[in-house]
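What you see is a predicted model; the values in this text were computed from it and never measured. Values below: all heavy atoms of this structure, side chains included; hydrogens, waters and symmetry mates excluded.
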Amino acid sequence: MTITQIEGYAKAHGIDLGGAKTKQEKIEAVKEAEAGVERVSVMGIDVDVDMRVFDDIDLLDMLDDFQNGDALKFKKILNRIFREQSEEVFDKLKDARGLVTVSRASEFFVAVMEAVDAKN
């Protein structure tokens, strides 16, 4: 890969190469950023899940609130897990009316969690 290709890949995947100057430093920055990232395909949607997000205390709080009945946390949870991919995920989950139903989003979320084995 050329430096331009590495930079393009990093930009497309939301990887900050700010401190990397040489080609090797840029490669290492990409590798480090992608450590622990699981790529899964669920319901015809490909997503990258950074497994480190499950060590995020704020996500844990949101999941606890959701489990205790605060259904309004669901979209925030999805946004936290899918980050910059969220808009694309929601677009692909839309039904014929252009709506993302809670049941479809929930089905997708559970399937992703099972695919990355992070359900529990």
Side-chain angles (χ1 to χ4, degrees):
M1 279 184 120
T2 67
I3 289 179
T4 303
Q5 289 171 321
I6 295 166
E7 290 170 343
Y9 178 88
K11 183 176 181 180
H13 291 86
I15 299 169
D16 179 21
L17 296 179
K21 292 180 178 45
T22 68
K23 180 178 179 180
Q24 189 58 40
E25 288 174 346
K26 291 174 191 263
I27 290 170
E28 292 302 318
V30 168
K31 285 182 180 178
E32 182 179 330
E34 291 187 335
V37 175
E38 297 286 333
R39 182 159 191 77
V40 296
S41 182
V42 173
M43 297 170 55
I45 303 170
D46 296 328
V47 290
D48 294 318
V49 180
D50 184 342
M51 300 304 289
R52 294 172 294 187
V53 74
F54 298 106
D55 193 31
D56 177 356
I57 194 74
D58 292 329
L59 177 63
L60 185 65
D61 281 343
M62 284 187 264
L63 288 167
D64 181 53
D65 290 344
F66 181 69
Q67 239 179 347
N68 287 316
D70 187 353
L72 299 177
K73 295 284 186 189
F74 188 51
K75 188 171 182 186
K76 291 179 182 178
I77 291 168
L78 296 178
N79 284 328
R80 185 65 141 224
I81 293 171
F82 300 121
R83 299 180 189 257
E84 71 278 348
Q85 303 167 97
S86 293
E87 187 176 325
E88 180 182 350
V89 167
F90 293 133
D91 283 345
K92 290 181 178 179
L93 289 174
K94 288 181 180 175
D95 64 14
R97 300 169 296 166
L99 301 175
V100 179
T101 63
V102 174
S103 59
R104 183 148 165 85
S106 180
E107 178 185 357
F108 178 76
F109 174 72
V110 170
V112 168
M113 294 302 98
E114 289 173 349
V116 299
D117 199 27
K119 190 173 178 184
N120 292 326

(message) Determine whether Asp48 and Gln85 satisfy the following criterion, side-chain contact (heavy atoms from CB on, under 4.5 Å), listing intermediate values before the conclusion.
(response) CA-CA 8 Å; Asp48 294 318; Gln85 303 167 97; 3.8 Å; yes

(request) Indicate yes or no: at least one non-hydrogen side-chain atom of Val42 is less than 4.5 angstrom from one of Val47. (result) no

Atom pairs and distances, side-chain donor-acceptor, residues 68-76, under 3.5 Å, sequence neighbours left out:
residue: Asn68; atom: ND2; partner: Asp64; partner atom: O; Å: 3.0
residue: Asn68; atom: ND2; partner: Asp64; partner atom: OD1; Å: 3.1
residue: Asp70; atom: OD1; partner: Leu72; partner atom: N; Å: 3.3

(message) Quick one, Leu78 and Phe90 - any side-chain contact, counting heavy atoms below 4.5 Å?
(response) yes

(request) Find out whether Val112 and Phe82 are in side-chain contact, i.e. whether some heavy atom of one side chain is under 4.5 Å from a heavy atom of the other. (result) yes

(message) Donor-acceptor check, side chain of Glu38 to backbone of Met51, threshold 3.5 angstrom: yes or no?
(response) no

(message) Less than 6.0 angstrom separating the ring centers of Phe66 and Phe109, yes or no?
(response) no

(message) Which heavy atom of Ala33 sits nearest to which heavy atom of Ile15, and what is that distance?
(response) CB-CG2, 3.6 Å

(message) Quick check: closest heavy atoms across Asp46 and Arg39, and the distance to 0.1 Å?
(response) CB-NH2, 3.6 Å

(message) Less than 4.5 Å apart, side chain to side chain, heavy atoms only: is that true for Thr101 and Arg104?
(response) yes

(request) Sort and list the pairs that fulfil salt bridge (charged side-chain N to carboxylate O under 4.0 Å, His left out) and have at least one residue in residues 77-90, not counting sequence neighbours. (result) Asp56-Arg80, Asp58-Arg80, Glu88-Lys92

(request) If a pair satisfies salt bridge (charged side-chain N to carboxylate O under 4.0 Å, His left out) and one of its residues is in residues 8-31, list it, with sequence neighbours excluded. (result) Glu7-Lys26

(request) Looking only at non-hydrogen atoms, find the nearest pair between Leu93 and Ala105 and report the distance. (result) CD1-CA, 4.1 Å

(request) Specify the closest pair of heavy atoms between Val30 and Tyr9, including all atoms of both residues, with the distance to one decimal. (result) CG1-CE2, 3.7 Å

(request) Answer yes or no: is there a donor N or O on one side and an acceptor on the other, between the side chain of Gln5 and the main chain of Thr2, under 3.5 Å? (result) yes

(message) Please determine whether residues Met1 and Ile27 belong to a single hydrophobic cluster, defined as Ile, Leu, Val, Met, Phe, Trp and Tyr linked transitively by side-chain heavy-atom distances below 4.5 Å.
(response) yes

(request) Over all heavy atoms of both residues, which pair between Leu59 and Val53 is shortest? Give the atoms and the distance, please. (result) CD2-O, 3.3 Å

(request) Look at the side-chain heavy atoms of Ile, Leu, Val, Met, Phe, Trp and Tyr, link any pair under 4.5 Å apart, and say whether Val100 and Met43 land in one connected group. (result) yes

